[in-house]
Peer 1: 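Dumping the structure here so I can ask a few things about it.
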There are 2 protein chains.
Amino acid sequence: MNKESKIPAPSIERLAYYSRPLEALLDSETPVISSEKLARLCGVNPAQVRKDLAYFGEFGVRGVGYDVRDLLVEIKKILATDRDWTLCIVGMGNLGSAIAENENFKKRGYKFVAAFDSDPTKIGRTLPCGLIIEPTSRIRESVRDLKIEIGVITTRPHEAQRFADLLMDSGVKAILNFAPVQIRTLECCKIENVDFAVKLEHLAYHIAKIL
Amino acid sequence: MNKESKIPAPSIERLAYYSRPLEALLDSETPVISSEKLARLCGVNPAQVRKDLAYFGEFGVRGVGYDVRDLLVEIKKILATDRDWTLCIVGMGNLGSAIAENENFKKRGYKFVAAFDSDPTKIGRTLPCGLIIEPTSRIRESVRDLKIEIGVITTRPHEAQRFADLLMDSGVKAILNFAPVQIRTLECCKIENVDFAVKLEHLAYHIAKIL
DNA sequence: GCGATATTGTGAAATATTGCACATAGTTGA
DNA sequence: TCAACTATGTGCAATATTTCACAATATCGC
Ligand SMILES: NC(=O)c1ccc[n+]([C@@H]2O[C@H](COP(=O)([O-])OP(=O)(O)OC[C@H]3O[C@@H](n4cnc5c(N)ncnc54)[C@H](O)[C@@H]3O)[C@@H](O)[C@H]2O)c1
Ligand SMILES: NC(=O)c1ccc[n+]([C@@H]2O[C@H](COP(=O)([O-])OP(=O)(O)OC[C@H]3O[C@@H](n4cnc5c(N)ncnc54)[C@H](O)[C@@H]3O)[C@@H](O)[C@H]2O)c1
């Protein structure tokens, strides 16, 4: 469609990876970095770094490199992480709680403003981060009232689709799903899946070959 | 190099995805499935399913489809998940504990046999799954004695490299890293990273475009 | 001011991955 | 036995992504 829609998805993901060492460099007051050094820090090819950035503008200075602070600001602008996002989490088991408690998300502007579970014994409990676990029946009005934009699903797999449907219908724009099932989504909602077991299986495949 | 090394990494990951609905189909006693139906369940192209499988053999029957049970067995053989794997986990914070407790991993043959932390107040504590948290100084001998093959890192980011080095040096064959840092590895050790925040940033990028 | 040096931005080549389209082969029913 | 049907396996074309290689442009020392 438009120009931006032709940007490779892997490039977008790499931008996020680039921002990690940049934050460290900013802390250590390194003013400038070359694509070569940044590439080495991220384990990619230097031309890749330049090309990824070039999709969005000319952020470097030829013969010099990239200003660390400026580049980080630009990347955050591109990824839309220069603003806060409002999230909720459905399924307050071990994983859901770990995510809700995680400081890194808060630091990066991901604000969890509601937590839901269908287990009656969990409802009403206060998490260390201050959130109170609500019944899943309150998802619809919470999403509306708190203007929740992203939903995180950490329920049992068999409930995942149901809550995804409910979240989408309530108006969330995106879902991050940790349940190991394929979620059917509507056009208006972007979904990303995280499945640790797939990564483990990938590792198993490779090391079994060697043995 | 050899034939297998030319198999695309995405194909390997998809095999793991295919196994999820296959397990459900096996439970519901569906004897046979076509590449078209399996593809729809996984949200991919049917030709992709056939091609991915064809890298490893001819598992289907023309005009019929794939026998669900046989296919699942074959995929598990390929991914080397038809056997048990011995794992340890370093960093028993919220995320580390959630992973150690997770039933799915155990069910799939990933056995956590040791848990380590450097926080003295955590050492000696018994987890619900029965593991006792040990000091990180015991990593080397535990990996050797328990023949641990895969290490999972869920420490603070700044400690991740140190423990990765220690795990590799102790003889683990693979590392699954959850700390948001680039880990430098040796040739003999395969690494996979899981970074939830990257996924969130990807979502943020897409939904910010729409708004 | 100018040559030597560094490093970006980018077109074009190389490589990797996906999807099409159809020959191939098994099944079913007459 | 054979025709009609179904769905796999696969060569090849299409697409996507990565990497190369170099012109463009900035800096530095003299
Ligand atoms: N923990 C992990 O490491 C991990 C890794 C990958 C995927 N996942 C997936 O994330 C999801 C949540 O995992 P988790 O580890 O947080 O699971 P968990 O068992 O801690 O809790 C998951 C949910 O199930 C409910 N639940 C758990 N036990 C229950 C019981 N006895 N009765 C009624 N309800 C109960 C909880 O209320 C919670 O909402 C699952 O789909 C899991 O497959 C988890
Ligand atoms: N929890 C998540 O959702 C999540 C998501 C993505 C990545 N991660 C990463 O995984 C790693 C672990 O995350 P977590 O949520 O389990 O972190 P956590 O804060 O629960 O614990 C992490 C580790 O730090 C130690 N620790 C924590 N607080 C401490 C303190 N006050 N004093 C001394 N030691 C302390 C713990 O002993 C533990 O080993 C981090 O690198 C984090 O960035 C976590």
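Residue numbering restarts at 1 for every chain, and letters A, B, ... go by the order of the sequence lines.
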Peer 1: side-chain hydrogen bond (donor to acceptor under 3.5 Å, both in side chains) with B/Asp70: which residues, sequence neighbours excluded?
Peer 2: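 Checked B/Asp70 against side-chain hydrogen bond (donor to acceptor under 3.5 Å, both in side chains); zero matches.
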
Peer 1: Could you pull out all residues at least two apart from B/Thr86 that satisfy side-chain contact (heavy atoms from CB on, under 4.5 Å)?
Peer 2: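 Only B/Val113, B/Ile148, B/Glu149 meet the side-chain contact (heavy atoms from CB on, under 4.5 Å) criterion with B/Thr86.
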
Peer 1: Go through the structure and list residues passing side-chain hydrogen bond (donor to acceptor under 3.5 Å, both in side chains) with B/Arg69, not counting sequence neighbours.
Peer 2: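 Here no residue qualifies.
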
Peer 1: Please report, rounded to the nearest Å, how far the P atom of D/dT6 is from the OH atom of B/Tyr66.
Peer 2: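 So the OH-P distance, B/Tyr66 to D/dT6, works out to 18 Å.
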
Peer 1: Is the distance from OP1 or OP2 of D/dT18 to the nearest side-chain N or O of A/Arg14 less than 4.0 Å?
Peer 2: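 So the side chain of A/Arg14 is within the cut-off, an N or O lying under 4.0 Å from OP1 or OP2 of D/dT18.
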
Peer 1: Let me know the distance between CZ of B/Phe59 and P of D/dG9, rounded to the nearest Å.
Peer 2: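 Taking atom P of D/dG9 as the reference, CZ of B/Phe59 is at 9 Å.
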
Peer 1: Parallel, tilted or perpendicular: which one describes the rings of A/Phe196 and B/Phe105, with boundaries at 30° and 60°?
Peer 2: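 Plane angle under 30°, so parallel.
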
Peer 1: How does each nucleotide of nucleotides 22-30 of chain D score, in 5' to 3' order, for protein heavy atoms under 4.0 Å: base (B), sugar-phosphate only (S), or none (-)?
Peer 2: --BBSS---

Peer 1: Extract, from 5' to 3' on DNA chain C, the first and final nucleotides lying under 4.0 angstrom from some heavy atom of chain A.
Peer 2: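 Result: C/dA6 to C/dA12.
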
Peer 1: Mind checking what makes side-chain contact (heavy atoms from CB on, under 4.5 Å) contact with A/Ala160, not counting sequence neighbours?
Peer 2: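 In terms of side-chain contact (heavy atoms from CB on, under 4.5 Å), with neighbours along the sequence ignored, A/Ala160 is linked to A/Ile153, A/Thr155, A/Asn177, A/Ala179, A/Val181, A/Ile183.
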
Peer 1: Tell me which donor-acceptor pairs under 3.5 Å the side chains of residues 8-26 of chain A have, and how far apart each pair is, sequence neighbours excluded?
Peer 2:
residue : atom : partner  : partner atom : Å
A/Ser11 : OG   : A/Arg14  : NH2          : 3.3
A/Ser11 : OG   : A/Asp52  : OD1          : 2.7
A/Glu13 : OE2  : B/His202 : ND1          : 2.9
A/Arg14 : NE   : A/Asp52  : OD2          : 2.7
A/Arg14 : NH2  : A/Asp52  : OD1          : 3.1
A/Arg14 : NH2  : A/Asp52  : OD2          : 3.4
A/Tyr18 : OH   : A/Asp52  : OD2          : 2.6
A/Ser19 : OG   : A/Ala16  : O            : 2.6
A/Arg20 : NE   : B/Asp195 : OD2          : 3.2
A/Arg20 : NH1  : A/Ala16  : O            : 3.2
A/Arg20 : NH2  : B/Asp195 : OD1          : 3.4
A/Arg20 : NH2  : B/Asp195 : OD2          : 3.4

Peer 1: Got a sec, which residues hit side-chain contact (heavy atoms from CB on, under 4.5 Å) with B/Lys77, two or more places apart in sequence or on another chain?
Peer 2: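 Listed in chain order: B/Val73, B/Glu74, B/Asp82.
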
Peer 1: With sequence neighbours excluded, tell me which residues meet side-chain hydrogen bond (donor to acceptor under 3.5 Å, both in side chains) with A/Arg50.
Peer 2: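 In terms of side-chain hydrogen bond (donor to acceptor under 3.5 Å, both in side chains), with neighbours along the sequence ignored, A/Arg50 is linked to A/Ser35.
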
Peer 1: I need the residues from residues 30-42 of chain A with at least one non-hydrogen atom less than 4.0 Å from DNA chain D; give them sorted by number, or say none.
Peer 2: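 Result for residues 30-42 of chain A: none.
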
Peer 1: Quick one: list whatever passes side-chain contact (heavy atoms from CB on, under 4.5 Å) with B/Arg40, sequence neighbours left out.
Peer 2: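 In terms of side-chain contact (heavy atoms from CB on, under 4.5 Å), with neighbours along the sequence ignored, B/Arg40 is linked to B/Glu36, B/Lys37.
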
Peer 1: With the threshold set at 4.0 Å, does a side-chain nitrogen-carboxylate oxygen contact exist between A/Glu141 and A/Arg144?
Peer 2: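 Salt bridge flag = no for A/Arg144 with A/Glu141.
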
Peer 1: Go through residues 196-203 of chain A and report each residue with a non-hydrogen atom lying under 4.0 Å from DNA chain D, sorted by number.
Peer 2: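 Contacting residues: none.
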
